Trainee: 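Dropping the structure in here first, questions after.
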Amino acid sequence: MVAMPELPEVESVRRQLHPRLAGRLVRAVHLDPQARFGAVDKAAGHRIAEVRRRGKYLLAPLDSDLELIMHLGMTGSFRFRGGGDGWQPDAYVRATFELDDAVMDFRDVRRFGRLTVVPTGDYAGIATLLGLGPEPLTADFDPARFHADIARTRMSVKPALLTQRPVAGVGNIYADEALWRARINPHARRLSRTRTDRLHAAIREVLVEAIAREGTTFRDYRMVDGEPGRNADFLVAYGQAGQPCPREGTPLRKVVLGGRGTTYCPRCQR
DNA sequence: AGATCGGCCTGGACGC
DNA sequence: TGCGTCCAGGCCGATC
């Protein structure tokens, strides 16, 4: 495992990115010739209004009814040159934004990150963003709707969460953490309202706690100032296979579910 | 239409 | 030491 920026990591990046980008003019965008980014160079000549977040996406409205969309993928990070944090561009810089008062690099070892510019709100070419579920930390995340979404699908609850449709921003780490906390087996289907209510609360809790620690860093995830998140030492399920369950000591089991590594307690997660 | 699966991409871990 | 193989996974497109 490397990084997997999920909602807490992306939100931590957003909080540092917003003050550095809001109001700035993009003078030019330089791309790695191998990068398959969309029309991100269309950002050139436009001013950034703000940096928002939806799920794991960073959204930066530009003037002229354009919108810069950024996704960190697995290993993406934004770094600024000459900021005193020692950052120097390396072989993994995939895009460089020349701003009116700064130079920002997008670094991405595995190239899973995505950058593009679209007409404001036109997400037709970005299926996951188009079908993105509610923001978990707002009132939009409604327990009744969450239950209906989880009950409607025939998928197991964990893969269902990873589709981003029942709720936005939950990835592999926080799915395992929330399911453990809610004592729900990741294979479970058609959960009762009582259990989706527990999961609803657990998702909010693990995300809020991880944001307070500025996310989970294993290796590559870095905030804009280069600092790692501090949540890795607080994970109780993800990556803890074989360790005793903190609730009652049964060794945690790792399986592959929906093609993703999944760790859970076979005894207390039913 | 919803669900499933392979591919993308790379470096690090691991085995011999 | 060095090489080959496997693994990690968010998202997307193809297919069932």
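Proteins get letters first, then strands, A, B, ... in listed order; numbering begins at 1 in each. Just so it is clear, the model here is predicted, and its values are computed rather than measured.
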Trainee: Between A/D63 and A/R47, does any NZ, NE, NH1 or NH2 come within less than 4.0 Å of an OD or OE carboxylate oxygen?
Mentor: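 A salt bridge is absent here (no side-chain N lies under 4.0 Å from a carboxylate O).
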
Trainee: How many whole angstroms separate atom CG of A/L161 from atom C1' of C/dG9?
Mentor: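 It works out to 16 Å between those atoms.
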
Trainee: Only counting residues at least two apart or in another chain, list the ones meeting ring-ring contact (aromatic ring centres under 6.0 Å, His included) with A/H187.
Mentor: A/Y264

Trainee: Name the nucleic acid region contacted by A/G259, choosing base, sugar-phosphate or nothing; use a 4.0 angstrom heavy-atom cut-off, strictly under.
Mentor: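 No contact at all - A/G259 keeps every heavy atom at 4.0 Å or more from the nucleic acid.
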
Trainee: Classify the nucleic acid contact of A/K254 as base, sugar-phosphate or nothing, counting any heavy atom under 4.0 Å across all strands shown.
Mentor: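 Result for A/K254 = sugar-phosphate.
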
Trainee: Looking at A/Y92, I'd like to know whether one of its side-chain N or O atoms comes within less than 4.0 Å of OP1 or OP2 on B/dG11.
Mentor: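 For B/dG11, OP1 or OP2 has a side-chain N or O of A/Y92 closer than 4.0 Å.
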
Trainee: Does A/E98 form a side-chain hydrogen bond (donor to acceptor under 3.5 Å, both in side chains) with A/T96? I'd like the steps, not just the answer.
Mentor: CA-CA 6 Å; A/E98 228 179 274; A/T96 299; over 6 Å; no

Trainee: In this structure, how many angstroms lie between the P atom of C/dC11 and the CG atom of A/D108, rounded?
Mentor: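 It works out to 13 Å between those atoms.
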
Trainee: Less than 4.0 angstrom between a side-chain N/O of A/H71 and OP1 or OP2 of C/dG10, yes or no?
Mentor: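 No, because none of the side-chain N or O atoms of A/H71 sits under 4.0 Å from OP1 or OP2 of C/dG10.
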
Trainee: Between A/H18 and A/E50, do the side chains contain an N or O donor and an N or O acceptor separated by less than 3.5 Å?
Mentor: no

Trainee: Expressed in angstrom and rounded to an integer, what is the separation of A/R189 atom CZ from B/dA3 atom C1'?
Mentor: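 After rounding, the gap between these two atoms is 10 Å.
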
Trainee: Going by distance alone, is a donor N or O of one side chain under 3.5 Å from an acceptor N or O of the other, for A/Y238 and A/T216?
Mentor: no

Trainee: Can you identify which nucleotide, out of C/dG10, B/dG11, C/dC12, has its nearest atom closest to the A/L162 side chain?
Mentor: C/dG10

Trainee: Sort and list the pairs that fulfil side-chain hydrogen bond (donor to acceptor under 3.5 Å, both in side chains) and have at least one residue in residues 157-171 of chain A, not counting sequence neighbours.
Mentor: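 Matches after skipping sequence neighbours: A/K158-A/N172, A/K158-A/D176, A/K158-A/T262.
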
Trainee: To the nearest angstrom, how far is A/H187 atom NE2 from B/dT4 atom C1'?
Mentor: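 Between C1' of B/dT4 and NE2 of A/H187: 16 Å.
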
Trainee: Provide the full list of salt bridge (Lys or Arg N to Asp or Glu O under 4.0 Å) pairs with a residue in residues 251-270 of chain A, sequence neighbours left out, each pair given once.
Mentor: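 Counting only pairs at least two positions apart or across chains, no salt bridge (Lys or Arg N to Asp or Glu O under 4.0 Å) contact touches residues 251-270 of chain A.
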
Trainee: Considering only nitrogen or oxygen atoms on both sides, find all protein atoms under 3.5 Å from nucleotides 6-9 of chain B and state each distance.
Mentor:
residue: B/dC9; atom: OP1; partner: A/R36; partner atom: NH1; Å: 2.3

Trainee: Could you check how far OH of A/Y238 sits from C1' of C/dC7, rounded to whole Å?
Mentor: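 Result: 11 Å.
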
Trainee: Figure out the CG/P separation between A/L7 and C/dC11, and round it to whole Å.
Mentor: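 Going from CG in A/L7 over to P in C/dC11 covers 11 Å.
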
Trainee: Do the side chains of A/D140 and A/R145 get close enough for a salt bridge, i.e. N-O under 4.0 angstrom?
Mentor: no

Trainee: Expected output is a numbered-order residue list: members of residues 119-134 of chain A with a heavy atom under 4.0 Å from any atom of DNA chain C. What is it?
Mentor: A/I126, A/T128

Trainee: Using the test ring-ring contact (aromatic ring centres under 6.0 Å, His included), find all partners of A/F37 that sit at least two apart in sequence or belong to another chain.
Mentor: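 A/F37 satisfies ring-ring contact (aromatic ring centres under 6.0 Å, His included) with no residue once adjacent residues are dropped.
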
Trainee: NZ of A/K56 versus P of C/dC12: gap in Å, rounded?
Mentor: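 Spelled out: NZ on A/K56 to P on C/dC12 is 11 Å.
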
Trainee: I need the NZ-C1' distance between A/K158 and B/dT4, as an integer number of Å.
Mentor: 16 Å

